[in-house]
Amino acid sequence: MSDFPVLSQLIDRFGRVVSYLRVSITDRCDFRCVYCMAEDMVFLPRKQILSLEEIQFICQAFTELGVSKIRITGGEPLVRKGALELMQQIGRLPGVRELVMTSNGSQLAQMAHDLSAAGVKRINISLDTLDPVLFKVLTRTGDLENVLKGINVASEAGFQRIKLNAVILKNRNHHEVCELVQFAVDRGLDISFIEEMPLGAVDSHNRAEAYYPSHLIRQDLQQRFTLQAVPDKTGGPSDYFLVQGTGSKVGFISPHSANFCSSCNRVRLTAEGRLLLCLGNEHSVDLKAVVRQNPGDMTILKQAIIDAMQIKPEKHEFNIHEQPVILRHMNATGG
Ligand code: SAM
Ligand code: SF4
């Protein structure tokens, strides 16, 4: 916690205060999850992505504009060389109250303790199935045992909270939702179920056919658990429930509902330095160009960010039944 005085706030045309920045520090990943990427992904050349120094500089600008929560994501953030040092630097920025990250878990067995020591407070770990064969099918290259080891090490590493994230696809892993909740409950973790979003073209399945809505997951869970609604509004598309008799929460992330847009408090920085004003729209500002054309000029960068608030859209435009209008994949977006 810092006593940095907030001199200004980022406010958009609809009066929403932006206090949360999600940063994709790389588009690369050691997995190729079927809902996130095509099998033969072409990644960005190194010079096209922000350097670690540029990311830190942009994060500093945001914190000076009142952003207090930063999530480091990707791609897989931990496959980028220097990720740990970057998080140490961001954790030390005055104004950062919550430094959190999202990971696929593949590097956590080695890195969880260092991340916690670097100031990462909470961590989200993706886990879609407990079946090693299905895990390989869904991630194409992932190893379940390694990820489970990462979750165990992370559980002992002193994070305030660990949340699992599971993307649920009909006829792939929808039958496992109760087992996944039981896994979380047994370890004192939270878990969120995510509806697949139509970001970028994928080649492994038809997204409309694989759509398994949150309300069905909830019905499935209620066969085995009692879920008590909790008013845990994060400004995001999640509804949270306490699993009765346990300390674990279950979240449902339903991006196809636009109910949450009116309280949206977040923007995203892509690995290439594009500031995305909404996950489900292409409205963006090229902050890489701003920092490269005006090296070290914090005033110009902050003005560009303030101006960007004017184009934050009112709500997203997702439609699972149409071809994706959003051509970028989730790994480039920073989920
Ligand atoms: N590699 C890390 C991971 O998998 O946790 C961080 C980046 S990943 C893009 C962040 C989250 O987005 C993961 O929980 C992943 O399951 C989710 N995700 C990826 N593609 C998605 C899609 N098309 N729809 C919904 N969620 C998606
Ligand atoms: Fe990698 Fe995460 Fe995308 Fe899976 S969801 S391919 S782990 S970035």
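Atoms within each ligand, like the ligands themselves, are counted from 1 in listed order. Position 1 is the first residue of the sequence; numbering continues from there.
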May I ask you to list the atoms of ligand 1 that are less than 4.0 angstrom from any heavy atom of [X]?
| X | result |
| --- | --- |
| Asn165 | 14 (O) |
| Thr102 | 5 (O), 6 (C), 10 (C) |
| Gly74 | 7 (C), 9 (C) |
| Glu195 | 25 (C) |
| Ser126 | 3 (C), 4 (O), 5 (O), 13 (C), 14 (O), 16 (O) |
| Ser103 | 2 (C), 3 (C), 5 (O) |
| Gly75 | 1 (N), 2 (C), 6 (C), 7 (C) |
| Cys36 | 19 (C), 20 (N) |

Should you measure from each heavy atom of [X], which atoms of ligand 2 turn up under 4.0 Å away?
| X | value |
| --- | --- |
| Phe31 | 6 (S), 7 (S) |
| Gly75 | 8 (S) |
| Cys33 | 4 (Fe), 5 (S), 6 (S), 7 (S) |
| Asn104 | 7 (S) |

Mind checking whether Ser24 contacts ligand 1 via backbone (N, CA, C, O), side chain (CB onward), both or neither, at a 4.0 Å heavy-atom cut-off? neither
If you measure every N or O of Tyr35 against every N or O of ligand 1, does any of those distances drop under 3.5 Å? yes
Heteroatom distance test (Asp128, ligand 1): nitrogen or oxygen, under 3.5 angstrom: no
Taking atom 7 (S) of ligand 2 as the point of reference, which of Cys29, Ser24, Gly105 owns the nearest heavy atom? Cys29
So, [X] and [Y]: side-chain donor and acceptor under 3.5 Å apart, yes or no?
| X | Y | value |
| --- | --- | --- |
| Asp128 | Tyr35 | yes |
| Asp131 | Thr129 | no |
| Glu76 | Ser103 | yes |
| Arg187 | Ser155 | no |
| Asn152 | Glu156 | no |

Which side-chain N or O atoms in residues 133-140 pair as donor and acceptor under 3.5 Å with protein atoms at least two apart or in another chain?
from: Lys136; atom 1: NZ; to: Gly142; atom 2: O; distance (Å): 3.1
from: Thr139; atom 1: OG1; to: Phe135; atom 2: O; distance (Å): 2.7
from: Thr139; atom 1: OG1; to: Gly142; atom 2: N; distance (Å): 2.9
from: Arg140; atom 1: NH1; to: Arg32; atom 2: O; distance (Å): 2.8
from: Arg140; atom 1: NH1; to: Met37; atom 2: O; distance (Å): 3.2
from: Arg140; atom 1: NH2; to: Asp203; atom 2: OD1; distance (Å): 3.1

Met37: heavy atom below 4.0 Å from ligand 1, yes or no? no
Does the residue Gly74 have a heavy-atom contact with ligand 2, meaning some pair of atoms that are separated by less than 4.0 Å? no
Give a yes/no verdict on a cation-pi contact between Lys170 and Tyr212, requiring under 6.0 Å between NZ or CZ and the six-membered ring centre and an angle within 45° of the axis. no
Using a 3.5 Å cut-off and no angle test, enumerate the donor-acceptor pairs between side-chain atoms of residues 306-314 and protein atoms at least two apart in sequence or in another chain.
from: Asp307; atom 1: OD1; to: Gln303; atom 2: NE2; distance (Å): 2.9
from: Lys312; atom 1: NZ; to: Arg266; atom 2: O; distance (Å): 3.1
from: Lys312; atom 1: NZ; to: Leu277; atom 2: O; distance (Å): 2.9

Stepwise salt bridge (charged side-chain N to carboxylate O under 4.0 Å, His left out) test for Glu85 and Arg80: CA-CA 11 Å; Glu85 292 74 13; Arg80 180 150 186 193; over 6 Å; no
Cluster question for you: counting only ILVMFWY and a side-chain heavy-atom cut-off of under 4.5 Å, with indirect links fine, are Leu148 and Leu164 together? yes
Using a 4.0 Å heavy-atom threshold (strictly under), name the region of Cys36 that reaches ligand 2: side chain, backbone, both or neither. side chain
Test item: Arg16 side-chain N/O and Leu10 main-chain N/O as donor-acceptor pair under 3.5 Å: no
Non-hydrogen atoms of Arg274 and Ser284 that approach each other most closely: NH1-OG, 3.0 Å
